[in-house]
2 protein chains.
Amino acid sequence: MSGTSPNNSGSSAGRPRSEQAHQAILDATLELLVEGGYSALTVEGVASRAGVGKATIYRRWASKLPLIVEAFGGLPGFEDCDTGNLSDDLKRMLGRYLEVFNTTALSAVLPSLAGERFHNDELSTLFEPVSMSRRRPLIDALERAQERGELSREIDLELAADLVVGPIAVALFFKGGRLKPEMVGPMVDLALRGLRA
Amino acid sequence: MSGTSPNNSGSSAGRPRSEQAHQAILDATLELLVEGGYSALTVEGVASRAGVGKATIYRRWASKLPLIVEAFGGLPGFEDCDTGNLSDDLKRMLGRYLEVFNTTALSAVLPSLAGERFHNDELSTLFEPVSMSRRRPLIDALERAQERGELSREIDLELAADLVVGPIAVALFFKGGRLKPEMVGPMVDLALRGLRA
DNA sequence: CCCATACGAGACGTGTAGTATCGTAACGCC
DNA sequence: GGCGTTACGATACTACACGTCTCGTATGGG
């Protein structure tokens, strides 16, 4: 679909797409996203910042949204962390993630994308795997804990992951936005009280 | 600021603002929001549907966003429910709320507003009290449970509320969107496992 | 060397936000 | 009842962004 690699595998004739332009566009998108948020991001601004023509952008992405999704997907998500202890794993993963969010202002982008999905099927299709793959390390950590017997066997891991990330999502979306890293500890502790075996 | 009542208290001279137009605008806003979501809502569309001129809208609200916030704020939030049992209270409140969300497609509006806040100070100020007041019945129920001794005393109720709503927020924002009402039970049960005294 | 494709630049059409200007309608006050 | 003031619906207008299209040019493979 969109977000194809520069080496269009179909035809080999003609001038190949510039990998450099491709990366410059993604970089510029992220920069502008961080500077002004979703609503201030314009395709013309991205083109100008990246030093490319608009056509070069639209040749790669069908519209503004998939471009943003791909740029967003390039950011670090939860970084897996295996300390042998679930509480530490979670606290460290969530803490790291929060740092990224707080420093990049991406807390503003994610809700926008999430909201737009509901009325934009194309975006929904693109966003789903990105959104889901980012939860993976979290689920993995919970799974390891379950195998260690640290976590009750009959607990639905998907639901457990939601319980752990939930408070952060709420704080991010509905409260001030900025979330102090020291809040991660109590949150994880509280969530884990009910999950332990 | 915006969202002033039709009876502008400052001056009494001249034709008074039409209460009927005011309400028609809010109604039309909600209708269009439900039909096409945030991205499909245009001020011209609202004016047309409400049978008013655009100036009549901008005389009351500074821009599109505050209008949406006020229309959104008119919707029912959590409806307090006191059964004498925390689990039942929560399940019923969340269940009711989910019904509203699923039938009105407002799940698409909320994330959009939440995301926009970060780069729009005016919206942030308007959205904050709306967002917070809606949590109130939830906190109240938790407080009652704490007084009954059903809930551990040392638990931070704000955090507990986040834990309860969290999984729903995650499902709403990051997963398919639609959330089946029968999922509320397991969610509340899991969250409560750690909250009980 | 030739053809196919991508390139940067920017004109263009469409649509929407928000402002300004019509002539008209409703109210308080004298 | 008339007058001034303000709101009304309608609509023209400016500014701006998305997405399309067309330039003339650059860069590759065969």
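Because the structure is a prediction, the values reported are computed rather than measured. Lettering of chains follows the sequences in order, A, B, ..., and the numbering in each one begins at 1.
When the C1' atom of D/dC18 is taken as reference, atom CD1 of A/I57 falls 12 Å away, rounded to whole Å. The CD-P distance, from A/E19 to D/dT27, rounds to 17 Å in whole Å. Following rounding to the nearest Å, B/L32 (CG) and C/dA17 (C1') show an atom-to-atom distance of 16 Å. Rounded to whole Å, the distance from NE2 on A/H22 to C1' on C/dC7 is 15 Å. Following rounding to the nearest Å, B/L41 (CG) and C/dT16 (P) show an atom-to-atom distance of 11 Å. For B/I68 and C/dT16, the CD1 to C1' distance is 13 Å, given to the nearest whole Å. When rounded to the nearest whole Å, the span between CG of B/L67 and C1' of C/dG18 equals 13 Å. Going from atom CZ of A/R60 over to atom C1' of C/dT5 covers 12 Å, rounded to whole Å.
The closest side-chain donor-acceptor pair between B/R17 and B/H22, if any, does not fall under 3.5 angstrom. For the residue pair B/E154 / B/S152, a side-chain donor-acceptor distance below 3.5 Å is found, with atom types taken as modelled.
Checking the phosphate oxygens (OP1, OP2) of C/dG8, a side-chain nitrogen or oxygen of A/T56 falls inside 4.0 Å. Not one side-chain nitrogen or oxygen of B/S18 sits closer than 4.0 Å to the OP1 or OP2 atom of D/dA7.
Atom CD of B/Q20 sits in a sparse spot, with 12 or fewer heavy atoms from other residues, nucleotides or ligands closer than 6.0 Å. Annotation for B/R96: atom CZ does not count as buried by contact number, only 12 or fewer foreign heavy atoms lying within 6.0 Å.
Across D/dC18, D/dG9, C/dA6, the shortest atom-to-atom separation from the side chain of A/R59 is found for C/dA6.
A donor N or O paired with an acceptor N or O is found under 3.5 Å between the base of D/dG19 and the side-chain atoms of A/K54.
Heavy atoms of B/G51 sit under 4.0 angstrom from primed sugar atoms or phosphate atoms, though from no base atom.
Residue A/E44 is the one, among A/A55 and A/E44, whose nearest nucleotide of DNA chain D lies closer to the 5' end (criterion: closest heavy atom). In terms of position along DNA chain D, the nucleotide closest to B/V52 lies nearer the 5' end than the nucleotide closest to the other residue of the pair B/V52 and A/Y58.
For the pair B/F127/B/L65, no side-chain contact is recorded, criterion being any heavy-atom separation below 4.5 Å from C-beta on.
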Next item on the list: List the protein contact pattern of nucleotides 25-30 of chain C with one symbol per nucleotide (5' to 3'): B for base contact, S for sugar-phosphate-only contact, - for none; contact means a heavy-atom distance under 4.0 Å.
Entry: BBBS--

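With sequence neighbours left out, the side chain to side chain contact (heavy atoms under 4.5 Å, CB included) criterion links A/R92 to A/C81, A/T83.
Note that the CG atom of B/L75 and the OH atom of B/Y97 stand 8.0 Å from one another [nearest 0.5 Å].
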